[in-house]
> 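Structure incoming, see below.
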Amino acid sequence: MSEQRRLEELLQKMTLDEKIAQLQQLAAPFYEDAEDEGLITGPMESLGITADTVQNAGSVLGVAGAEKVISVQRAHMANNRHGIPLLFMADIVHGFKTIFPIPLAMGCSWDLELAERSAEIAAKEAAVSGLHVTFAPMADLVRDPRWGRVMESTGEDPYLNALFARAMVRGFQGKDLKNDTDRLASCVKHFAAYGLSEGGREYNTVDLSERQLREYYLPAYKAAIDEGAEMVMTSFNTVEGIPASGNVKLMRDLLRGEWGFDGVVISDWAAIRELIAHGVAEDDREAALKAIQAGVDIDMMTSAYVLELARLVEDGLVPESLIDEAVMRILQLKEKLGLFDNPLRGADPEAESKVVYCKEHLEAAKELAVKSSVLLKNEGILPLKQGQRIALIGPFAQSGDILGNWSWTGSRETAIQLGSAMAELGGSGLVVAEGCGIHDITEHQLEEAVKAAGEAEVIVLALGEASEMSGEAASRTNIKLPDAQLKLVQAMKRLGKPMVAVLFNGRPLDLHGIYEEADAVLEAWFPGSAGGAAIADLLYGVANPSGRLTMSFPYTVGQIPVYYNHFNTGRPKPAEDSQEKYVSHYLDSPNAPLFPFGYGLSYTDYSYGELTLSSETLKPGQTLEAKVRVSNDGGMAGTETVQLYIRDVSGEVVRPMKELKDFRQVTLAPGESTEVAFEITEAQLRYHHSDLSFASDAGKFELYVGGNSRDTLQAAFRLEQ
């Protein structure tokens, strides 16, 4: 009997209530007291569901650990009439126990292979601990650093986000979920355009045209789905005035109809019931009706489906075939994971003890942390020299709070701290002082900091956000560091010694109060479990910084949103230092960000030769080659990320000033040079027109190549149709 036929027969045997229970996802507290006899207790009363529903539920959120998962699954199987196993899901976003840098940092590596490897490792640790599905990658394009969840995205560019989304799906899922039990099913999120929340405020309204949606916000989700992501999570926000979890046009017409996605759609936490607060549903009944009509298969942590769907079927408002469709998609995913044949799948306590947080995984986490860090400023002070007298001062000098958000199984206690790693590399000349807390500072702390810095040759300040200051529900209007830390910077500056600032944070910051005062600034982000060792290697020159920003750093919060691929205006400012009045500019701030997309420094110097094109014209079906020679003119080996941007000078609709189209990473020894070549095709020049058609226009195009989006060489060609 075929697998599909077996599932169809199983579906036919299920009662309507059993089917609806498959659509229910419950959180870990419902299963905390699971015993072999299946007595499951927990917060059932608050949701108004019964023990029978819990015993027939289709999936569980947030249960992890091989022994625990095995216990819960066995209890569930013993009490499920049809022997349908649970799906175990969790947010494995940038690591399970071995925590990698946050995704925004990961993007700054521009290293797709290493990003894929990080997802593969995360999947292996999670799978051996009993999990089946991860709610990752987050493919939301982000332009507003006030929004705390920018840390979970790979940045502000749709092309680069799409590449990382594909890489993460490959890493999580591999090629054969049934037989490769070291992998997880991937759930791409948050569909759609969650990164455009108004004011950078979590869960807020989103309003944009369909053309903008398709041009900038959909490509990364589409890339993840094209790569085979098994699930999609709905976003909390509205799209064209309709919340995503009840949006038929978005979920059925676009996702399932136009894109052909036949996997599982799950709501975000309680998002179906939130249709009521949004104002598109009067009660749970109407919320359940709209969500199932939109094609949402799993209701995460509300009881709208289990309390209302059966009555909606009885009343003729929901055909049972809609329920059957949703259940079949869930059963098919369980079959793809091999759970009907092996309900315990990869869960293995003995293997878990050897695999999770092993040396090999930590080494990979360290490598990605090195490549993710971005050197923003360096006036000749870095790298530090071994044997130098260094004062390491600040709340992150000896802190394990370097994992970032979505590291729920990670351990701050075992994370490699910066002070310990610097002491190991730099010798006995290191003195450490806290200097201040994240938000507070005392005279005693200041005195200790001044004393520690007294004999030092260089002061290294370890500053940043606490992990809970970014991530979900962590929006901020003031994105500077807290005043206590800025006060510490001023106190150290008065000592007149060379000063390095190392920043641990989950978003681009307003760096005034730091950037002007420090002689060097290293953006470490939240670098993960091996973060301290990685940053120490960078500070002492064991490694050469190669990270490049994938989200612009604003000059001031008043510019936001500020991003590189912006439109021009009818009255553009002719130059940043121009004093012309009636143009598009601020009276009290530059238009440009402090640090643009693609920016990052190195301990060596790269130079670019002449940019040449193989032709001045391009026709469909042909390719045009752009070449440039890149040289390492400094004294240290390093990796340069050579970036290709294109501008459509005259479009049917307004086109961005620059768009990233390709990049190459080249590693060069001192004095070495190499020729970097890019091939440009007509397909790269297509965009969504006003009628939503996707095509290119004949005419002039400008081509830019350089080490960031601002500092580039320029050439031009024409597209002839």
Side-chain angles (χ1 to χ4, degrees), residues 102 104-105 108 142-151 155-156 197 199-202 373-377 393-397 399 401-402 404-405 434-442 445-446 449 459-471 473-494 499-527 549-563 586-597 599:
I102 58 173
L104 185 57
C108 293
V142 294
R143 292 173 168 174
D144 192 334
R146 293 174 298 181
W147 191 46
R149 291 192 87 160
V150 301
M151 56 78 60
E156 68 188 41
S197 294
R201 180 156 54 87
E202 188 73 89
S373 301
V374 184
L375 183 62
L376 299 177
K377 178 180 181 181
I393 298 168
F396 287 91
S399 173
D401 187 15
I402 59 173
N405 217 304
E434 186 179 36
C436 67
I438 301 293
H439 296 283
D440 51 71
I441 187 168
T442 66
Q445 286 174 319
L446 265 181
I459 299 170
V460 176
L461 294 175
L463 310 169
E465 300 179 304
S467 57
E468 64 269 14
M469 291 171 68
S470 60
S475 298
R476 296 177 61 198
T477 59
N478 178 356
I479 56 171
K480 290 185 177 182
L481 286 185
D483 288 342
Q485 296 184 52
L486 296 180
K487 185 175 180 180
L488 175 65
V489 173
Q490 289 299 319
M492 295 298 98
K493 180 67 174 180
R494 287 194 290 270
M499 190 161 68
V500 178
V502 180
L503 303 175
F504 298 87
N505 46 289
R507 55 160 56 82
L509 298 169
D510 177 342
L511 292 180
H512 288 298
I514 301 170
Y515 176 74
E516 311 94 320
E517 310 299 345
D519 300 287
V521 179
L522 179 66
E523 175 56 79
W525 306 107
F526 285 114
L549 296 178
T550 55
M551 191 173 182
S552 304
F553 271 55
Y555 184 87
T556 175
V557 72
Q559 296 174 309
I560 294 171
V562 59
Y563 47 94
Y586 298 103
L587 294 177
D588 57 352
S589 168
N591 286 1
L594 181 62
F595 299 114
F597 179 88
Y599 179 85

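Residues: numbered from 1 along the sequence shown. From a predicted model like this one, the values you see are computed outputs, not experimental measurements. Quick note: numbers below take in every heavy atom, side chains included, and nothing from hydrogens, waters or symmetry partners.
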> Please report the shortest heavy-atom distance between I402 and F396, naming the atom on each side.
CG2-CD2, 4.2 Å
> Assess whether side chain to side chain contact (heavy atoms under 4.5 Å, CB included) is satisfied between E523 and F553, documenting all intermediate values.
CA-CA 11 Å; E523 175 56 79; F553 271 55; 3.4 Å; yes
> How about R476: does its CZ atom have over 12 heavy atoms from other parts shown lying under 6.0 Å from it?
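It does: R476 CZ has more than 12 such atoms within range.
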> In the structure I gave you, are the side-chain heavy atoms of I438 and Q485 within less than 4.5 Å of one another anywhere?
yes
> Closest heavy-atom contact between E202 and A473?
OE1-N, 2.8 Å
> Say you draw a straight line from NZ of K493 to CD1 of I514; how long is it, rounded to the nearest 0.5 Å?
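Those atoms lie 13.0 Å apart.
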> Is the H512 ring parallel, tilted or perpendicular to the Y555 ring (thresholds 30°, 60°)?
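Because their plane-to-plane angle is over 60°, the rings of H512 and Y555 count as perpendicular.
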> Atom OG of S470 and atom CD1 of I479: how far apart are they, to the nearest 0.5 Å?
12.0 Å
> Give me the one residue out of T550, L549, V562 that meets side-chain contact (heavy atoms from CB on, under 4.5 Å) with F597.
T550
> Can you tell me how far the CG atom of L461 sits from the CE atom of M492, to the nearest 0.5 Å?
7.5 Å
> Calculate, to the nearest 0.5 Å, the distance between atoms OH and CG belonging to Y515 and D510 respectively.
13.0 Å
> When you measure from the side chain of E517 to the backbone of Q490, do you find a donor-acceptor pair of N or O atoms at a distance under 3.5 Å?
no
> If you measure from NZ on K377 to CG on L522, what distance do you get to the nearest 0.5 Å?
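Rounded to the nearest 0.5 Å, the NZ-CG separation comes out at 13.5 Å.
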> Side chains of W525 and L104, heavy atoms from C-beta outward: is any pair under 4.5 Å?
yes
> Measuring only between side-chain heavy atoms, which start at C-beta, is S552 closer than 4.5 Å to P508?
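No. Closest side-chain heavy atoms not under 4.5 Å.
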> Closest heavy-atom contact between M551 and E156?
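Minimum heavy-atom contact is CA-OE1, 3.4 Å.
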> Counting C-beta onward and ignoring hydrogens, is there a side-chain heavy-atom pair between R201 and W147 closer than 4.5 Å?
no
> Decide yes or no for L376 and L511: does some side-chain heavy atom of the first lie under 4.5 Å from some side-chain heavy atom of the second?
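With C-beta onward as the side chain, the pair touches.
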> Given L463, which partner from the list N505, V502, L488 fulfils the side-chain contact (heavy atoms from CB on, under 4.5 Å) test?
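Testing each of N505, V502, L488 against L463, the sole residue satisfying side-chain contact (heavy atoms from CB on, under 4.5 Å) is L488.
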> Distance check, rounded to the nearest 0.5 Å: T477 atom OG1 versus R146 atom CZ?
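Between atom OG1 of T477 and atom CZ of R146 there are 8.0 Å.
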> Please tell me if the side chains of M151 and E465 come closer than 4.5 Å, counting only heavy atoms from C-beta onward.
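When only atoms from C-beta onward are counted, E465 and M151 do not touch, as no gap falls below 4.5 Å.
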> Considering all heavy atoms of both residues, which atom of S475 and which atom of G200 are nearest to each other, and what is their separation?
OG-O, 2.7 Å
> Closest heavy-atom contact between V489 and G513?
CG1-O, 3.4 Å
> Decide if atom NZ of K487 counts as having more than 12 heavy atoms of other residues, nucleotides or ligands within a radius under 6.0 Å.
no
> Of all heavy-atom pairs between I560 and P145, which one has the smallest distance, and what is that distance?
CD1-CG, 3.6 Å
